[in-house]
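Because the structure is a prediction, the values reported are computed rather than measured.
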Amino acid sequence: MFDLGGPNSGIGGGDRGATAAIVGTWTSIVTFADAGGVVHQSETIWRFGSDSSATRTAIATNLTYGYYDVTITDARWRVLGQILEITYLEPRVSVARFDYRVDRTTLVIGTTVFVRLPP
């Protein structure tokens with residue numbers, strides 16, 4: 001399932017290869033209909049910088065009625081063994097830790113699958 005070899009792939013281990021593999025921009029999109037038949041789309045975009053900065057952009061769209069909401073959150077990130085630690089900086093500081101896997105164009109954070117976006 002995951003190719004763990006090469007410079008752009010890895011599993012959380014704190015090594016430079018695994019950390020460098022996370023750097024970039026990743027997206028996950030989920031589309032679903034609620035019980036009333038209204039179609040929604042949820043997109044999360046993570047940008048992980050080589051300087052340990054991170055930005056999460058969450059876009060919630062109502063595809064049926066055509067409106068959306070965007071939330072942007074600044075964070076810091078680091079790899080601790082097999083864990084990706086994200087420290088959210090606003091609206092208040094909080095820390096979340098996730099199991100993760102990365103394979104060239106796919107990043108799994110917890111159970112959410114992200115696809116790498118081109119630079």
Using modelled atom types and a 3.5 Å cut-off, is there a donor and acceptor pairing between side-chain atoms of Trp26 and backbone atoms of Val108? no
Is the closest side-chain heavy-atom distance between Ile109 and Asp99 below 4.5 Å? no
Do side-chain atoms of Arg76 reach the backbone of Asp51 as a donor and acceptor pair under 3.5 angstrom? yes
Option passing side chain to side chain donor-acceptor pair (under 3.5 Å) with His40 (candidates Thr31, Thr61, Asp34): Asp34
Hey, is the main chain of Val95 close enough, under 3.5 Å, to the side chain of Thr87 for a donor-acceptor pair? no
Would you mind telling me which of Ile45, Asp69, Thr44, Ile29 makes a side-chain contact (heavy atoms from CB on, under 4.5 Å) with Ile59? Ile45
CZ (Phe98) and CG (Leu84) are apart, to the nearest 0.5 Å, by 7.5 Å
Just by distance, do the side chain of Asp103 and the backbone of Thr106 share a donor-acceptor pair under 3.5 Å? no
To the nearest 0.5 Å, what is the distance between OG (Ser52) and CD1 (Ile86)? 12.0 Å
Is there a side-chain contact between Glu85 and Val79 in this structure, where contact means two heavy atoms from C-beta onward sitting under 4.5 Å apart? no
What one should report as the nearest heavy-atom pair of Gly49 and Trp77 is O-NE1, 3.0 Å
Between CD on residue Gln41 and CG on residue Leu63, distance to nearest 0.5 Å: 5.0 Å
Roughly how far apart are Phe48 CZ and Arg78 CZ, rounded to 0.5 Å? 14.5 Å
Taking the side chain as every heavy atom from C-beta outward, state whether Phe114 and Thr25 have any atom pair closer than 4.5 Å. no
Look only at the side chain of Thr64 and the backbone of Val39, and say whether a donor-acceptor pair between them is shorter than 3.5 Å. yes
hydrophobic_cluster_shared for Tyr88 and Ile22, side chain cutoff 4.5 Å: yes
When every non-hydrogen atom of Trp46 is compared with those of Ala75, the smallest separation belongs to CZ3-CB, 4.4 Å
Show, in sequence, the C-alpha distance, side-chain angles and deciding distance for Glu43 and Thr27, and conclude whether the side-chain hydrogen bond (donor to acceptor under 3.5 Å, both in side chains) test is met. CA-CA 7 Å; Glu43 180 176 13; Thr27 186; 2.8 Å; yes
Is a donor from one side chain sitting under 3.5 angstrom from an acceptor on the other, for Arg47 and Thr55? yes
Less than 4.5 Å apart, any side-chain heavy atom of Tyr100 and any of Ile83? no
For residues Thr112 and Ser28, report the shortest heavy-atom separation together with the two atoms involved. CG2-OG, 3.5 Å
Is the backbone of Arg104 close enough, under 3.5 Å, to the side chain of Arg116 for a donor and an acceptor to pair up by distance? yes
Report the distance from atom CZ of Phe32 to atom OG of Ser42, rounding to the nearest 0.5 Å. 7.0 Å
